Structure formats: C-alpha cells, structure tokens
Colleague: 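Sending over a structure as structure tokens; questions will come in a sec.
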There are 2 protein chains.
Amino acid sequence: MKRDDQLADTFTAIADPTRRAMLVRLAREGERNVTQLMEPFAISQPAISKHLRILREAGLVSRRKVGRENLYDIDVTRLGNIRDWISQVDEYWDQRLDALGDYLNKKKPKKK
Amino acid sequence: MKRDDQLADTFTAIADPTRRAMLVRLAREGERNVTQLMEPFAISQPAISKHLRILREAGLVSRRKVGRENLYDIDVTRLGNIRDWISQVDEYWDQRLDALGDYLNKKKPKKK
DNA sequence: TTGACATATATCCGAATGGTTATACGATAT
DNA sequence: ATATCGTATAACCATTCGGATATATGTCAA
C-alpha cells in the first residue's frame, strides 16, 4: 500500500469519463489548449481546468505555457503502467490454467 | 457517453487499491470465500462485501454459493476491455508519431 | 433445536469528488 | 491605457464513497 500510490492515481484519473474523453482527443489530435478541450463538454471552464490538473498530477498529460494559453498533451507513459498491472494479473491467471492442465494430465510428461 | 458505462464501471472498480489487491489475490490463488478475502485487510466484513459487490457488478469477479459460503473468483474478460482502450489510445498516438515522421522526410518516399 | 458461522443488507458518518459561480491575473488586442 | 481573452484558484454545494456498527438470514454443528 506504499508506492501503489502512483498506480492508484493513474487508475483514479482515468476512471472518469470526461477525463478519458480528453485523453482520447489529445491522443488523436495532439496538443490542445483549454478552450479547445472545453468545446465537446457542457461543463464550465473551471471544471475542465480541474480535470486537467488531476490528469497532470497523475502524469497523464503535460502542460506547456505559450503566451496566455496553456497547451496540454497526452503522455502515454503511465498507460504502460496500467497495461503492466493487467499483464501481471493475466499472467497469474494463465499460470492457474496451466496448473489445471497439468493436473488433468497428471503423471503425463509436463512438457510445455 | 452511452455504453461507455460498462468501461467506466470497470475502471472505477479497479481504481480502488483494496479491490485491486483482492483481484490480484484471486488471480494468483483462485476461488476464495469472503472470510479468506478479508484476512489481509484491517477493515470490517461488511466493507469487504461491499467491495465484492462492486467488483461483481463490474463483471470483474464471479460468485458461486456453496453451502453457507460465497466463493468469489476473478473474471479477466473486462480487463481485456481496458487493455483495448489503452491500445486504442496508443494507436492514435503512434499515428501521430508516424505523421510527424512523414512530415520530417517530406517529399521522400513514404514507404513504411 | 439451538447456538455458532458465513455473509449480505441497512443505516449512518465523515471525507472525497465533480460541478458551479466569483474572482484574480498575466497576455493581447484596440 | 484599457478592455478582453485564456486560464487558474477559491469558496461553496450536493452526491458519492469507503468505512463502521447493527441486524437479518440461511447453513452447519452439537
């Protein structure tokens, strides 16, 4: 429960539909400012800024200030962490299947 | 924002550290009852039951009643949905990289 | 049949969450 | 210089969330 924190932040940030939609948009279209990111949604600008802050603190997006605009872009690094977690779970699960297989052909050569 | 619901439920369920830990445990050890699943945590039995309900409603675990016990097990199907979502985002991102590459060698053959 | 077990549900509570409006402030445009 | 734009932050509110305790119900053991 210690440095699971980062993973928890990533999962939490990504769990919200609005934030996921923003990530998808950034992935497809690249760098966008806050006003552009607002457009698809029927919520206030401060609400969008709040979502962006959460994404940024979770390391899922980067921010670049240019003049009076703040340009955000996706950072896929942390998505890799999630993928890794899932892979780990899948791996355990596969091992269970393998173990079951071994059990069924018990006393048979346990090759591959 | 319509049938994103299922994905949202999956992400939300998986975002909680306690629930993730339970999933990992089930993946490694297979079917376990509520009492067993409680052991590693310093929280009440009803709290555990609540977590299990959320995991079950998100389709991440199955429940099998045997006598007075409820046996839970992981169901990895929905993890695939998450993986797919991430892959999709990665794909968009890769396309951006490709487009950038094409731009840099502009007027060069755009082969592979 | 009676008490202990296994577990779900109901109710309540404080903290976190997502949203709103108001406001501040630097960057631009006029 | 001044108004407007782009955006963050503050303060507030309703809802949701994770947990606690109390309780109900079915199953098993004595």
Side-chain angles (χ1 to χ4, degrees), chain A residues 1 4-26 29-74, chain B residues 1 4-26 29-74:
Chain A
M1 288 247 213
D4 178 63
D5 288 351
Q6 180 167 302
L7 192 58
D9 285 350
T10 309
F11 272 115
T12 301
I14 222 176
D16 182 88
T18 301
R19 292 194 288 265
R20 272 206 310 288
M22 293 196 287
L23 287 178
V24 170
R25 172 103 184 276
L26 290 174
E29 309 181 5
E31 247 185 2
R32 286 292 178 268
N33 67 33
V34 178
T35 308
Q36 294 173 320
L37 289 171
M38 271 188 65
E39 288 160 12
F41 305 104
I43 62 180
S44 66
Q45 172 267 312
I48 296 291
S49 284
K50 243 190 198 172
H51 281 306
L52 286 169
R53 172 194 258 275
I54 290 169
L55 287 173
R56 192 162 47 81
E57 291 182 341
L60 286 162
V61 302
S62 61
R63 178 173 61 175
R64 186 167 72 97
K65 302 196 179 199
V66 173
R68 58 183 163 185
E69 321 187 9
N70 280 11
L71 301 178
Y72 287 86
D73 201 355
I74 190 172
Chain B
M1 286 249 213
D4 178 64
D5 289 351
Q6 179 167 302
L7 191 58
D9 284 351
T10 309
F11 272 115
T12 302
I14 223 177
D16 182 88
T18 301
R19 292 194 288 264
R20 272 207 309 290
M22 291 197 288
L23 287 177
V24 169
R25 172 103 184 274
L26 290 174
E29 309 181 5
E31 246 184 3
R32 286 291 178 270
N33 67 33
V34 178
T35 308
Q36 293 171 320
L37 289 171
M38 271 189 64
E39 287 161 11
F41 306 103
I43 62 182
S44 67
Q45 172 267 313
I48 295 290
S49 284
K50 241 189 198 174
H51 282 306
L52 287 170
R53 171 194 259 273
I54 289 169
L55 287 172
R56 193 161 48 81
E57 291 182 342
L60 285 162
V61 302
S62 61
R63 178 172 60 175
R64 188 166 70 98
K65 303 195 179 200
V66 173
R68 58 183 163 183
E69 321 187 10
N70 281 10
L71 301 178
Y72 288 86
D73 200 356
I74 190 172

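No hydrogens, no waters, no symmetry mates; every other heavy atom, side chains included, goes into these values. Numbered from 1 within each chain, the chains take letters A, B, ... in sequence-line order. Because the structure is predicted, anything quoted here is derived from the model rather than measured.
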Colleague: Show your working on side-chain hydrogen bond (donor to acceptor under 3.5 Å, both in side chains) between Ser49(A) and Gln45(A) and close with a plain yes or no.
Modeller: CA-CA 6 Å; Ser49(A) 284; Gln45(A) 172 267 312; 3.0 Å; yes

Colleague: Expressed in angstrom and rounded to an integer, what is the separation of Leu52(A) atom CG from dA8(D) atom P?
Modeller: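 Checked: the CG to P distance equals 7 Å.
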
Colleague: When you measure from the side-chain N and O atoms of His51(B) to the phosphate of dG19(D), is any distance below 4.0 Å, counting only OP1 and OP2?
Modeller: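 His51(B) to dG19(D) OP1/OP2: side-chain N or O found under 4.0 Å.
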
Colleague: On DNA chain D, check which nucleotide each of Asn33(A) and Asp16(B) is closest to and give me the residue with the more 5' one.
Modeller: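 Result: Asn33(A).
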
Colleague: Would you please confirm or rule out a distance under 4.0 Å between OP1 or OP2 of dA4(C) and any side-chain N or O of Arg68(B)?
Modeller: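 Checking dA4(C) against Arg68(B), no side-chain N or O comes under 4.0 Å of OP1 or OP2.
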
Colleague: Please check: side-chain N/O of Arg32(A) versus main-chain N/O of Leu37(A), any donor-acceptor pairing under 3.5 Å?
Modeller: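 It does not hold such a pair.
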
Colleague: So, is Arg63(B) near the phosphate of dA8(C), with a side-chain N or O under 4.0 Å from OP1 or OP2?
Modeller: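 It does, given that an N or O in the side chain of Arg63(B) lies less than 4.0 Å from OP1 or OP2 of dA8(C).
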
Colleague: Which atom pair, heavy atoms only, marks the closest approach of Ala58(A) to Asp9(A)?
Modeller: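 The pair with the smallest heavy-atom distance is CB-O, 3.9 Å.
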
Colleague: Grab the CZ-P distance between Phe41(A) and dT20(C) for me, whole Å please.
Modeller: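 It works out to 13 Å between those atoms.
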
Colleague: Any sub-3.5 Å donor-acceptor pair from Arg20(B)'s side-chain atoms to Ile14(B)'s backbone N or O?
Modeller: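 Yes; at least one donor-acceptor contact below 3.5 Å.
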
Colleague: Rounded to whole angstroms, how far apart are CG on Asn70(B) and P on dT25(D)?
Modeller: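 Asn70(B) atom CG is separated from dT25(D) atom P by 17 Å.
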
Colleague: Thr35(A) side chain N/O closer than 4.0 Å to the phosphate oxygens (OP1, OP2) of dC5(D)?
Modeller: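 It does not, given that no N or O in the side chain of Thr35(A) lies less than 4.0 Å from OP1 or OP2 of dC5(D).
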
Colleague: Any idea which of dT7(C), dG18(D), dG18(C) is nearest the Glu69(B) side chain?
Modeller: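 Out of dT7(C), dG18(D), dG18(C), the nucleotide with an atom closest to Glu69(B)'s side chain is dT7(C).
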
Colleague: Over all heavy atoms of both residues, which pair between Leu23(A) and Ile74(A) is shortest? Give the atoms and the distance, please.
Modeller: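 For Leu23(A) versus Ile74(A), the nearest heavy atoms are O-CD1, 3.7 Å.
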
Colleague: Between Val66(A) and Ala47(A), just flag the one whose closest nucleotide in DNA chain C comes earlier from the 5' side.
Modeller: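 It is Ala47(A) whose nearest nucleotide is closer to the 5' end.
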
Colleague: Round to a whole Å and report the spacing from CD1 of Ile43(B) to P of dC13(C).
Modeller: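 Rounded to whole Å, this separation is 21 Å.
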
Colleague: Rounded to whole Å, how long is the line connecting atom NZ of Lys65(A) with atom P of dT28(C)?
Modeller: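 My rounded result for the distance is 13 Å.
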
Colleague: Taking only the side-chain nitrogens and oxygens of Ser44(A), find out if one of them lies under 4.0 Å from OP1 or OP2 of dT20(C).
Modeller: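 Yes, Ser44(A) has a side-chain N/O under 4.0 Å of OP1/OP2 on dT20(C).
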
Colleague: Among dG18(C), dA8(D), dA10(C), which is the nearest nucleotide to the side chain of Lys50(A)?
Modeller: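 The listed nucleotide nearest to Lys50(A)'s side chain is dG18(C).
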
Colleague: In this structure, how many angstroms lie between the P atom of dT17(C) and the CG atom of Asp9(A), rounded?
Modeller: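 Those two atoms, CG and P, are 10 Å apart.
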
Colleague: Any side-chain N or O of Tyr72(B) below 4.0 angstrom from OP1/OP2 of dA8(C)?
Modeller: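 For dA8(C), OP1/OP2 do have a side-chain N/O of Tyr72(B) under 4.0 Å.
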
Colleague: Using heavy atoms to find the nearest nucleotide of DNA chain C for Ile48(B) and Arg19(A) separately, return the residue whose nucleotide is more 5′.
Modeller: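 The residue mapped nearer the 5' terminus is Ile48(B).
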
Colleague: Glu31(A) and salt bridge (Lys or Arg N to Asp or Glu O under 4.0 Å): which partner among Arg25(A), Arg63(A), Arg64(A)?
Modeller: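 Result: among Arg25(A), Arg63(A), Arg64(A), Arg64(A) is the only option passing the salt bridge (Lys or Arg N to Asp or Glu O under 4.0 Å) with Glu31(A).
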
Colleague: Could you tell me how far apart Leu55(A) (CG) and dT17(C) (P) are, to the nearest whole angstrom?
Modeller: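 Answer to the nearest Å: 14 Å.
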
Colleague: Does Arg53(B) make a side-chain N or O approach to OP1 or OP2 of dT9(C) shorter than 4.0 Å?
Modeller: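 For dT9(C), OP1/OP2 do have a side-chain N/O of Arg53(B) under 4.0 Å.
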
Colleague: Base, sugar-phosphate, or nothing: which does Arg56(A) touch, judged by heavy atoms less than 4.0 Å apart?
Modeller: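 If one applies the 4.0 Å heavy-atom cut-off, Arg56(A) turns out to touch nothing in the nucleic acid.
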
Colleague: Donor-acceptor pair under 3.5 Å: do we get one between Gln45(B)'s side chain and the base of dA6(C)?
Modeller: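 Not at all, since no donor on one side and acceptor on the other fall under 3.5 Å apart.
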
